[in-house]
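Reviewing the structure listed below.
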Amino acid sequence: MRPPEADDVELERLLAPLKNDPGSSAILTDIDGTIAPIVQDPGAAAVPAHTRELLRALAGRYALVGGLSGRRALDARRIVGLEDLAYSGNHGFELLLPGDDEVRPDPSLDGHEEDAPKFVAGLDRSELERAGIRKEDKGAIVALHWRGAENEGAAESLAHEIASEAEWQELVPHRGRKVLEIRPNVAINKGIALAALLASRPIDAALYGGDDLTDVDGFTALRTLHDDGQLSSTASIAVASDESPPEVSREADLTVDGPEGFVRVLEALAE
Ligand SMILES: [Mg+2]
């Protein structure tokens, strides 16, 4: 579906500063729900070939092209399938620059790498198993999943208890859809991750696209960098779907319709 013409004009206006000076511009994007359509099994998520080719072309032209994800950075790179992009993974805890073989942990994590794993290791394992809660080790973050549990409601109640206990222990529980992430109590989010990526190059203009609440931190970071005079122009693109929270569109400069709509943004950048 093509958006109304007014949106096309607004898109051109937003993209002009980036297209006019690609050598000083960054194109950053969330992955799941933005360039990789949401699928039932997160393990099966993939970036369509056309999108991948667009990103490859953009990486050859723009100063920085990168993906930001809640996934591990290496997993993010595997899904996108491009070595010449920069990746920020695990909500900003991990950085993987083009050509890196190993992930660089964010310095904010120093001394807190084991906070969440230790907390989860102290939980009653047989209770978790009985509730059908599965543990996913994400390094400094541990995710507890209950999608498909025999009694998802009971599993969720237990997850609520675990979240409260984590808060008591000064960890940061983060609730998602049938998942609870236990994070260490350090200041990191996609906005901080975005600023760290931008700081790796001399960048004057930047675009960020995303579909979820965590991406609003990215939009906010762009606005702050602009207000501080570090970026002369910015573009925040909301990728809307039935599931996306209203804040995402509200905080963005422009809203497009799903990953297909975001492909049109990438095409316009590649023109
Ligand atoms: Mg997303």
Side-chain angles (χ1 to χ4, degrees), residues 26-48 50-52 54-55 58 65-82 85-96 106 136 138-139 141 143 145 147 172 174-181 183 188-198 206-223 234-266 269:
I27 313 297
L28 301 173
T29 173
D30 166 55
I31 297 178
D32 289 84
T34 299
I35 54 170
I38 296 288
V39 287
Q40 187 68 23
D41 170 16
V47 172
H50 175 56
T51 310
R52 176 175 300 126
L54 281 169
L55 290 167
L58 294 175
V65 178
L68 286 82
S69 178
R71 293 174 183 264
R72 307 296 302 262
L74 287 166
D75 196 29
R77 185 163 74 183
R78 178 185 64 76
I79 288 169
V80 178
L82 294 170
L85 263 58
Y87 297 91
S88 166
N90 232 355
H91 304 285
F93 285 123
E94 299 178 344
L95 186 64
L96 198 60
D106 189 87
E136 181 195 1
K138 299 175 73 181
I141 296 177
H145 299 268
R147 187 178 292 275
V172 181
H174 196 274
R175 296 167 182 87
R177 300 175 49 139
K178 297 181 184 175
V179 58
L180 169 71
E181 282 192 352
R183 304 181 182 179
I188 189 92
N189 59 43
K190 277 188 169 174
I192 296 172
L194 179 142
L197 274 178
L198 292 179
L207 172 144
Y208 181 61
D211 72 314
D212 214 340
L213 264 189
T214 55
D215 298 307
V216 173
D217 291 324
F219 300 159
T220 307
L222 282 186
R223 199 178 308 128
T234 63
S236 295
I237 311 289
V239 177
S241 72
D242 296 344
E243 291 188 1
S244 48
E247 290 90 333
V248 185
S249 284
R250 203 160 61 216
E251 299 296 324
D253 297 312
L254 185 75
T255 298
V256 297
D257 194 9
E260 307 80 26
F262 195 64
V263 165
R264 291 195 43 249
V265 176
L266 299 178
L269 285 163

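Every number for a ligand or one of its atoms is a count from 1 in the order of the listing.
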- Message: Under the rule for side-chain contact (heavy atoms from CB on, under 4.5 Å), what residues qualify as partners of Ala143, not counting sequence neighbours?
- Response: Glu136, Lys138, His145, Val179, Glu181
- Query: Taking the side chain as C-beta and beyond, is there a heavy-atom pair between Arg264 and Val256 under 4.5 Å?
  - Reply: no
- Heavy-atom donor-acceptor pair, Arg52 side chain to Val80 backbone, under 3.5 Å: yes
- Query: So how many protein N, O or S atoms does the Mg ion (ligand 1) have within less than 2.8 Å?
  - Reply: 3
- Message: Using the side-chain hydrogen bond (donor to acceptor under 3.5 Å, both in side chains) criterion, which residues pair with Arg223? Sequence neighbours excluded.
- Response: Glu251
- Who pairs with Thr29 by side-chain contact (heavy atoms from CB on, under 4.5 Å), at least two apart in sequence or on another chain? Thr34, Ile35, Phe262
- Item | Under 3.5 Å: donor-acceptor pair, side chain of Ser244, backbone of Ser241 | yes
